[in-house]
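A short worksheet on the structure shown next.
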Amino acid sequence: MEMLRCAREHQQLSVFPFWKFVLLRPYLQVIYMARNAKDNLVSYFHFDRMNLTQPEPGPWDGYIHKFMKGQLGWGSWYDHVKGYWKESKERNILYILYEDMKENPSREIKRIMHYLDLSVSEDVINKIVQLTSFHVMKDNPMANYSYIPKAVFDQSISAFMRKGEVGDWVNHFTPAQSKMFDEDYTNQMKDVDIPFRLNI
């Protein structure tokens, strides 16, 4: 039987404990991508609006509080990003930031290639950059999930691939919500130094 070559997972380490065992294997390579909390929250809110398998997200203001308390489908964003960040210091995990990928996809793809010990031409890198751009993926049914029935993903409410921008949070948070969120963020992230950026 051929070994599993690639798997995609959204669970945090504490919810998916067998990953701790798997991560001990020195040959295993894990690539983890994280996005800044505010843009992640906005994206998650719109995803929950269109994902009819999830509970109704309710109003934006209440959703912010659920996010801060980790009361959403995949648990705490804070535990998620911090768990993999801490493990990346001890294990073979490449930790990538969404903002870095948006800012310079070629550089980040080269980091991934280096991590995977792969060597490809600059033409191939450029083709990967082009094919994985937000605008191309937004039109690709295998990436935009347009093949999923409307009874599951109602994309008339919100597209699965909505904007893909860094900094869209400013169009959603009021100044008071932003201040409250920042205070909670500072408290919850005080034990790590993940260099998230809110704009590029």
Side-chain angles (χ1 to χ4, degrees), residues 8-20 30 32-88 93 95-102 134 137-138 143-146 148-200:
R8 184 178 72 175
E9 184 54 56
H10 286 87
Q11 294 296 341
Q12 56 183 291
L13 287 172
S14 62
V15 176
F16 213 26
F18 95 85
W19 269 111
K20 288 252 186 177
V30 176
Y32 180 86
M33 181 176 280
R35 189 176 190 183
N36 80 65
K38 286 182 172 178
D39 281 328
N40 187 279
L41 191 156
V42 169
S43 179
Y44 203 180
F45 176 70
H46 289 291
F47 174 72
D48 272 355
R49 289 177 55 236
M50 60 81 73
N51 181 356
L52 303 183
T53 68
Q54 292 285 94
E56 167 62 38
W60 168 248
D61 189 58
Y63 197 83
I64 295 172
H65 290 277
K66 289 181 202 174
F67 183 94
M68 292 189 308
K69 294 175 184 172
Q71 296 174 337
L72 299 176
W74 282 275
S76 168
W77 175 90
Y78 298 100
D79 292 346
H80 207 298
V81 299
K82 291 193 306 184
Y84 281 94
W85 179 259
K86 290 173 182 175
E87 288 294 327
S88 75
I93 298 173
Y95 202 101
I96 295 176
L97 300 177
Y98 181 84
E99 297 76 27
D100 294 345
M101 184 66 82
K102 287 294 289 186
F134 185 83
M137 290 179 67
K138 187 171 180 139
N144 68 22
Y145 289 165
S146 58
I148 292 181
K150 188 174 182 178
V152 178
F153 281 2
D154 187 349
Q155 297 203 44
S156 68
I157 296 171
S158 178
F160 177 76
M161 296 190 68
R162 210 174 53 83
K163 290 186 178 179
E165 296 174 358
V166 176
D168 186 45
W169 65 269
V170 300
N171 299 312
H172 294 76
F173 283 78
T174 66
Q177 289 169 342
S178 184
K179 182 177 184 294
M180 172 196 64
F181 189 89
D182 289 347
E183 289 170 358
D184 182 71
Y185 179 93
T186 299
N187 181 54
Q188 294 210 50
M189 297 293 282
K190 63 188 172 198
D191 58 333
V192 293
D193 60 348
I194 308 172
F196 285 114
R197 293 181 290 160
L198 295 175
N199 52 59
I200 54 173

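As the structure is a prediction and not an experimental result, all values here were calculated from the model.
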Query - Tyr84 and Ile194, any side-chain heavy atoms less than 4.5 Å apart - result: no
Query raised in the report: CZ of Phe160 to CG of Asn51: how many Å apart, nearest 0.5 Å?
Result: 9.0 Å
Report task. Find the distance between CZ (Phe47) and CD (Gln54) and round it off to the nearest 0.5 Å. Result -> 6.0 Å
Query raised in the report: At their closest point, which heavy atom of Gln177 faces which heavy atom of Asp61, and how far apart are they?
Result: NE2-OD1, 3.1 Å
Report task. Kindly indicate whether the side chain of Met180, heavy atoms from C-beta on, has any atom under 4.5 Å from the side chain of Ile64. Result -> yes
Query raised in the report: Would you say Asp191 and Lys86 make side-chain contact, with heavy atoms under 4.5 Å?
Result: yes
Requested in this report: For residues Tyr32 and Val81, determine if any side-chain heavy atom of one lies less than 4.5 Å from a side-chain heavy atom of the other.
Outcome: yes
Report task. Identify the heavy atoms of Asn144 and Lys138 that sit nearest to each other, and give their distance. Result -> ND2-O, 2.8 Å
Requested in this report: Specify the closest pair of heavy atoms between Trp85 and Pro195, including all atoms of both residues, with the distance to one decimal.
Outcome: CH2-CD, 3.8 Å
Query raised in the report: Testing Tyr44, Phe181, Phe45, Phe67 for ring-ring contact (aromatic ring centres under 6.0 Å, His included) with Trp60, which one passes?
Result: Phe45
Query raised in the report: At their closest point, which heavy atom of Asp168 faces which heavy atom of Lys163, and how far apart are they?
Result: OD1-NZ, 3.1 Å
**Report entry** Heavy-atom check, side chain of Leu41 versus side chain of His172, under 4.5 Å
**Finding:** no
Query raised in the report: Does the gap between the ring centers of Tyr185 and Trp169 come in under 6.0 Å?
Result: no
Query raised in the report: Taking the six-membered ring of Phe173 as reference, does the NZ or CZ atom of Lys38 fall below 6.0 Å from its centre and within a 45° cone about the axis?
Result: yes
Report task. Could you check if a side-chain atom of Arg197 sits within less than 4.5 angstrom of a side-chain atom of Leu97, using non-hydrogen atoms only? Result -> no
Query raised in the report: When rounded to the nearest 0.5 angstrom, what is the spacing between OH in Tyr78 and CE in Met189?
Result: 7.5 Å
Query raised in the report: What is the minimum heavy-atom distance between Leu52 and Asp154, and which atoms define it?
Result: CD1-CB, 4.0 Å
Report task. Taking the six-membered ring for Trp and the single ring otherwise, decide whether the centroids of Trp74 and His80 are under 6.0 Å apart. Result -> no
**Report entry** Arg35 and its side chain to side chain contact (heavy atoms under 4.5 Å, CB included) partner, picked from Met101, Glu99, Lys102
**Finding:** Glu99
Report task. Identify the two heavy atoms, one from Arg49 and one from Pro57, that lie closest to each other, and give their separation to 0.1 Å. Result -> CG-CG, 3.7 Å
Query raised in the report: So, for Phe196 and Tyr98, is the gap between ring centers shorter than 6.0 Å?
Result: no
